[in-house]
Structure formats: structure tokens, C-alpha cells
Amino acid sequence: MKKITAFILSVLCLTAFSSCSVDSKQEVTVEDAQQAFNDMKGTWRGKVTDENVPVDVTMTFGADFTLRGLPVTPLLKKFFSGEELDEALKTARPANFVAPTQAMSILGDQVYVQMEPTDWSFTVTVGGEDYQVNALLGVVTLYSNNYKTLSASITVQELTCEGSTADLTTNGISYLVDSATKD
């Protein structure tokens, strides 16, 4: 309960500035923020593209944001190629990605939620050896109350595999879940 109260207070602080800059007559109340958050709670199904193939993902909103089914191909391509990549993809054992909510703002029927940057780890086996892949992910979601859809932008901020760090400055990795629908 303490976490939800702190979350609502941060929403009010963030939305006070946003709502004043667009329309000084529009005010976001605690009730508005709580209702928007409650509308977002639940399980959402959408798709991301992996090598030009749509992949189903599941997002759950509650006290935290959980994402299941995020493809690992672009991450593994930073460290493996050829037969090693094929083997790594076959043995990938991804974990669920869970991120706490950091900030929320409301503008009209749009609810923007930013999650805390969070580590995501999974293991692959190549040549009989296990490799731990670690990614620091940033997630931003956009909920549309009018259309009852949720979109998510996931950006890989850092990526390592057994001590090697991928260069993401020129070829970054990001995912887009566009227009997920609620179960």
C-alpha cells in the first residue's frame, strides 16, 4: 500500500507540470491517477518483430511491469554468429523481465509510464559451455484509454556476455510492442 501511495504522489507531481503546460484548466486528481493506473492493471498481449517475424509477448501491469516472451536473437547476435548463434538460440533460457514503475504522467486519455532501468539475464549453451547474457533494459509504456491499447518501447541500454560488452552506440537494440490488447 505504501508503494502505491508513493506512486500516486509521484504521478501527481509529474502531471501537475504536464497538465499546466498544455491546458491550465485541466487538473489531474488523485482519483484520476488511481483510475488510470487501475485501468492499466492486468495482462496485455501484443507482438514484437524478431528477424521480420512477429513474436507474441505478454505484458502484465500490477505493482510492477512484467514482460514475457521477449526475443533474444538481436542480443545474441552481438556475441555469436553462424553455428554458435544457432546453438545459442536453441538453448536460450530467457527469464521473465520484471521492472518497477518509476514515473507516470497523464495527458488527456494518454497515460505514459516509465519503468526503472532493470537487469534482465538469461543463459545459453554453446559448445557445451553456459554463457550468462545480461542486459540493462529501459521500458516506457503508453496506454490509450480511448482505444484500450497499450504500447511499450523497450531499449537495451547495456549488454554483456561473460565479461564482453557489446557496442550499442552505433547499432542499438530496441523493441516495440504496438497496440497490445488486454485479456
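Only this structure's heavy atoms are used, side chains among them; waters, hydrogens and symmetry mates stay out.
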Q: Spell out, yes or no, whether Val98 and Val48 are grouped together once hydrophobic residues are joined by side-chain heavy atoms under 4.5 Å, including indirect joins.
A: no
Original post:
Applying the 4.5 Å side-chain criterion to the ILVMFWY set and letting contacts propagate, would Tyr112 and Phe61 be lumped into a single cluster?
Top reply: no
Can you list the steps and then say if Val126 with Tyr131 is a side-chain contact (heavy atoms from CB on, under 4.5 Å)? CA-CA 7 Å; Val126 176; Tyr131 291 87; 3.8 Å; yes
Shortest non-hydrogen pair, Leu75 vs Tyr175, comes out as CG-OH, 3.8 Å
Under a 3.5 Å distance rule, please check whether Thr101 uses its side chain to pair with a backbone N or O of Asp64 as donor and acceptor.
no
### Message
Keeping Glu116 on the side-chain end and Ala99 on the backbone end, is there a donor-acceptor pair under 3.5 Å?
### Response
no
task: Start with the C-alpha gap between Arg93 and Asp130, add the side-chain angles, then the distance that decides, and say whether salt bridge (charged side-chain N to carboxylate O under 4.0 Å, His left out) holds.
output: CA-CA 11 Å; Arg93 297 180 295 273; Asp130 285 344; 3.7 Å; yes
### Task
Check whether more than 12 heavy atoms from other residues, nucleotides or ligands sit under 6.0 Å from atom NZ of Lys77, and answer yes or no.
no
Test side-chain contact (heavy atoms from CB on, under 4.5 Å) applied to Met104 and Val111, step by step: CA-CA 7 Å; Met104 177 176 153; Val111 181; 3.6 Å; yes
Output, in order, the C-alpha distance, side-chain angles, deciding distance and verdict of side-chain contact (heavy atoms from CB on, under 4.5 Å) for Tyr143 and Lys148. CA-CA 7 Å; Tyr143 169 69; Lys148 304 295 184 208; 3.7 Å; yes
Output for pair (Thr149 OG1, Asp178 CG), nearest 0.5 Å, gives 7.5 Å
Gly128 and Glu87 have their tightest heavy-atom pair at N-OE2, 4.0 Å
Heavy-atom closest pair (Gln102 atom, Pro117 atom, distance to 0.1 Å) is OE1-CD, 4.3 Å
Is there a donor-acceptor contact under 3.5 Å from the side chain of Lys182 to the main chain of Met40? no
In this structure, CD1 of Ile154 is separated from CG of Leu176 (nearest 0.5 Å) by 7.5 Å
Closest heavy-atom pair, Val177 versus Gly46, reported as atoms and distance to 0.1 Å, is CG1-CA, 4.0 Å
Scanning both residues in full, the closest heavy-atom pair of Gly69 with Val55 reads O-CG1, 3.8 Å
Margin query: Quick one, Tyr147 and Ser179 - any side-chain contact, counting heavy atoms below 4.5 Å?
Written below: no
Handout entry: Non-hydrogen side-chain atoms of Leu137 and Leu67 separated by less than 4.5 Å
Key = no
Here the pair of heavy atoms bringing Thr141 nearest to Ala152 is CG2-CB, 4.0 Å
- Would a 4.5 Å heavy-atom cut-off, applied to side chains only, mark Leu159 and Phe79 as touching? yes
Legend entry - Gln110 side chain to Leu142 backbone, donor-acceptor under 3.5 Å: no
Does the side chain of Ser144 pick up a donor-acceptor pair with the side chain of Asn146 at under 3.5 Å? no
Worksheet item: Does a side-chain heavy-atom distance below 4.5 Å link Leu136 with Thr118?
Response: no
Rounded to the nearest 0.5 angstrom, the CD-OG1 distance for Glu162 and Thr123 is 8.5 Å
task: Determine, stepwise, if the pair Val124 / Phe80 fulfils side-chain contact (heavy atoms from CB on, under 4.5 Å).
output: CA-CA 11 Å; Val124 297; Phe80 304 101; 4.1 Å; yes
Between the NZ atom in Lys78 and the CG atom in Leu168, the distance rounded to the nearest 0.5 Å is 5.5 Å
Output for pair (Thr66 OG1, Met115 CE), nearest 0.5 Å, gives 10.0 Å
(message) Is any side-chain heavy atom of Asp183 closer than 4.5 Å to one of Thr58?
(response) no
Separation between CD (Gln157) and CG (Asp119), nearest 0.5 Å, reads 10.0 Å
Indicate, with yes or no, if Met59 and Val140 share a hydrophobic cluster defined by side-chain heavy-atom contacts under 4.5 Å among Ile, Leu, Val, Met, Phe, Trp and Tyr. no
